[in-house]
Number of protein chains: 2
Amino acid sequence: MPDFVKDNHLFHNPVEFAMSKIGGTYKMPILWRLKDKKWRFSELQKSLSHASDRMLSKALKELVEDGFVTKEIFPEVPPRVEYTITDRGQKAIPVIEMLRNYGLDLLQEFEVEHPKR
Amino acid sequence: MPDFVKDNHLFHNPVEFAMSKIGGTYKMPILWRLKDKKWRFSELQKSLSHASDRMLSKALKELVEDGFVTKEIFPEVPPRVEYTITDRGQKAIPVIEMLRNYGLDLLQEFEVEHPKR
DNA sequence: CTGCATCCAATCGGATACTG
DNA sequence: CAGTATCCGATTGGATGCAG
């Protein structure tokens with residue numbers, strides 16, 4: 001696999017390219033939630049409580065630009081926006097699922113403790 | 001999946017934990033190369049030509065510390081060091097392979113052009 | 001409600017120089 | 001040959017304030 005260029009950015013392997021599209025802290029968690037149903041911005045915000053709205057907004061915007069998610073704006077007051085996963089986004093779900101399961105295995109191996117709550 | 005703590009660092013989901021172990025620019029390419037055989041530092045350096053030796057050294061060190069790779073030092077002059085994948089590292093290979101194939105699919109979809117050489 | 005602007009802190013990665 | 005030390009720029013992510 002030779003190097004290649006996309007959007008004026010240099011990549012060295014397919015994994016690097018994939019991670020540029022669905023990597024980062026929030027994109028996979030977002031796609032994972034959109035797997036089964038539409039979500040509103042505020043619902044995602046509540047679910048991904050550790051994400052600032054700026055980061056959430058940024059991740060969603062890129063996912064929409066790259067065609068993994070569609071955005072629907074309802075001209076109401078107050079405004080309502082719904083995010084839906086696309087076919088391209090659905091193709092990422094098995095990858096995310098495998099990464100999830102692998103992460104769960106690793107957690108076992110490293111004997112991670114869960115905090116009391 | 002609740003949040004959890006490991007090595008004084010907070011994680012929010014299994015994917016995030018997995019990526020903290022095998023993510024970053026160089027770890028997967030390294031593991032992928034070690035899949036079938038031992039590699040010397042200089043061989044990895046030559047193969048991952050875009051990685052500075054500092055970055056390569058850093059990634060290898062973390063992979064060794066986390067038990068994905070073992071390091072064997074031969075007391076010769078000049079010194080020789082060989083890196084070998086462990087069982088834990090082998091478990092990452094199917095994940096990397098899936099991510100690779102997914103990346104290749106995405107490259108097709110996005111119709112990435114390869115530079116002339 | 002949805003999200004952008006601005007500013008800032010932390011992390012990541014590159015360049016260079018140097019050592020056992 | 002196989003790294004480490006140092007310095008620096010780029011990128012990522014958080015906090016706050018504000019706007020349609």
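Quantities reported herein were computed from a predicted structural model and do not represent experimental measurements. Just so we're on the same page: letters track the sequence lines, and every chain starts at 1.
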Exercise. Could you walk me through whether Phe68(B) and Ile85(B) pass side-chain contact (heavy atoms from CB on, under 4.5 Å), step by step?
Key: CA-CA 6 Å; Phe68(B) 293 89; Ile85(B) 198 167; 6.0 Å; no
Exam field: side chain [X] to backbone [Y], donor-acceptor pair closer than 3.5 Å:
X        : Y         : answer
Lys6(B)  : Phe110(A) : yes
Glu43(B) : Arg40(B)  : yes
Asp7(A)  : His9(A)   : no

Practice problem: Give me the residues of residues 60-67 of chain A where at least one heavy atom lies under 4.0 Å from an atom of DNA chain D, by number, or none. | Solution: none
Self-check item: Interface with DNA chain D, restricted to residues 26-36 of chain A and to heavy atoms under 4.0 Å
Solution: Tyr26(A)
Quiz prompt | Contacts of Glu65(B) that satisfy side-chain hydrogen bond (donor to acceptor under 3.5 Å, both in side chains) - sequence neighbours left out | solution = none
Quiz item: Who are the side-chain hydrogen bond (donor to acceptor under 3.5 Å, both in side chains) partners of Glu82(A), not counting sequence neighbours?
Solution: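 Per chain and number, Glu82(A) pairs via side-chain hydrogen bond (donor to acceptor under 3.5 Å, both in side chains) with Arg80(A).
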Quiz item: In whole angstrom, what separates Leu56(B)'s CG from dG13(C)'s P?
Solution: 13 Å
Enumerate, atom names and distances included, each donor-acceptor pair closer than 3.5 Å involving a side-chain atom of residues 32-39 of chain A, sequence neighbours excluded.
unit_1   : atom_1 : unit_2   : atom_2 : d
Arg33(A) : NE     : Ser47(A) : OG     : 2.5
Arg33(A) : NH1    : Pro29(A) : O      : 3.1
Arg33(A) : NH2    : Ser47(A) : OG     : 3.4
Trp39(A) : NE1    : Arg33(A) : O      : 2.8

Can you tell me how far apart [atom1] ([X]) and [atom2] ([Y]) are? Round to the nearest 0.5 Å.
X         : Y         : atom1 : atom2 : answer
Lys27(B)  : Ile96(B)  : NZ    : CD1   : 11.5 Å
Leu63(A)  : Ile30(A)  : CG    : CD1   : 5.5 Å
Leu10(A)  : Asp3(A)   : CG    : CG    : 5.0 Å
Lys46(B)  : Phe41(B)  : NZ    : CZ    : 13.0 Å
Asp105(A) : Asn101(A) : CG    : CG    : 7.0 Å
Asp53(B)  : Leu48(B)  : CG    : CG    : 12.0 Å

Can you pull every protein N or O that's under 3.5 Å from an N or O on nucleotides 9-12 of chain C?
none

Quiz prompt | First-last contacting nucleotides on DNA chain D - partner chain A, under 4.0 angstrom, heavy atom | solution =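 Span of nucleotides near chain A: dG13(D) to dG20(D).
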At their closest point, which heavy atom of [X] faces which heavy atom of [Y], and how far apart are they?
X         : Y        : answer
Ala92(A)  : Leu31(A) : CB-CD1, 4.3 Å
Asn13(B)  : Glu16(B) : OD1-N, 2.7 Å
Thr70(A)  : Val64(A) : C-CG2, 4.5 Å
Leu104(B) : Pro14(A) : CD2-CG, 3.7 Å

Quiz prompt | Residue met sooner reading DNA chain D from 5', once Ala51(A) and Arg80(B) are mapped to nucleotides | solution =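 By nearest-heavy-atom nucleotide position, the 5'-most residue is Arg80(B).
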Self-check item: Within residues 86-99 of chain A or reaching into it, pairs that qualify as salt bridge (charged side-chain N to carboxylate O under 4.0 Å, His left out) - sequence neighbours excluded
Solution: Arg88(A)-Glu109(B), Lys91(A)-Glu109(B)
Please tabulate, one pair per line, all N/O donor-acceptor pairs under 3.5 Å involving side-chain atoms of residues 18-26 of chain B, not counting sequence neighbours.
unit_1   : atom_1 : unit_2   : atom_2 : d
Ser20(B) : OG     : Phe17(B) : O      : 2.6
Lys21(B) : NZ     : Asp66(B) : OD1    : 3.3

Exercise. Please work out if Phe74(B) contacts a base, only the sugar-phosphate, or nothing of the nucleic acid, heavy-atom cut-off 4.0 Å.
Key: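 No contact.
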Quiz item: Which ones in residues 40-48 of chain A lie close to DNA chain C, meaning a heavy atom under 4.0 Å from one of its atoms?
Solution: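 Within residues 40-48 of chain A, the residues near DNA chain C are Arg40(A), Phe41(A), Ser42(A).
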Exercise. Following the transitive rule for hydrophobic clusters with a side-chain heavy-atom cut-off under 4.5 Å over Ile, Leu, Val, Met, Phe, Trp and Tyr, establish whether Val69(B) and Phe74(B) coincide in one cluster.
Key: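 No, Val69(B) does not connect to Phe74(B) through the hydrophobic network.
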Quiz item: Could you write nucleotides 15-20 of chain C as a row of B, S and -, 5' to 3', where a protein heavy atom under 4.0 Å of any base atom gives B, of only sugar-phosphate atoms gives S, and otherwise -?
Solution: B----B
Quiz prompt | Terminal axis angle for the helix from dC1(C)-dG20(D) to dG20(C)-dC1(D), five pairs an end, nearest 10 degrees | solution =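 Inter-axis angle at the ends, rounded: 50°.
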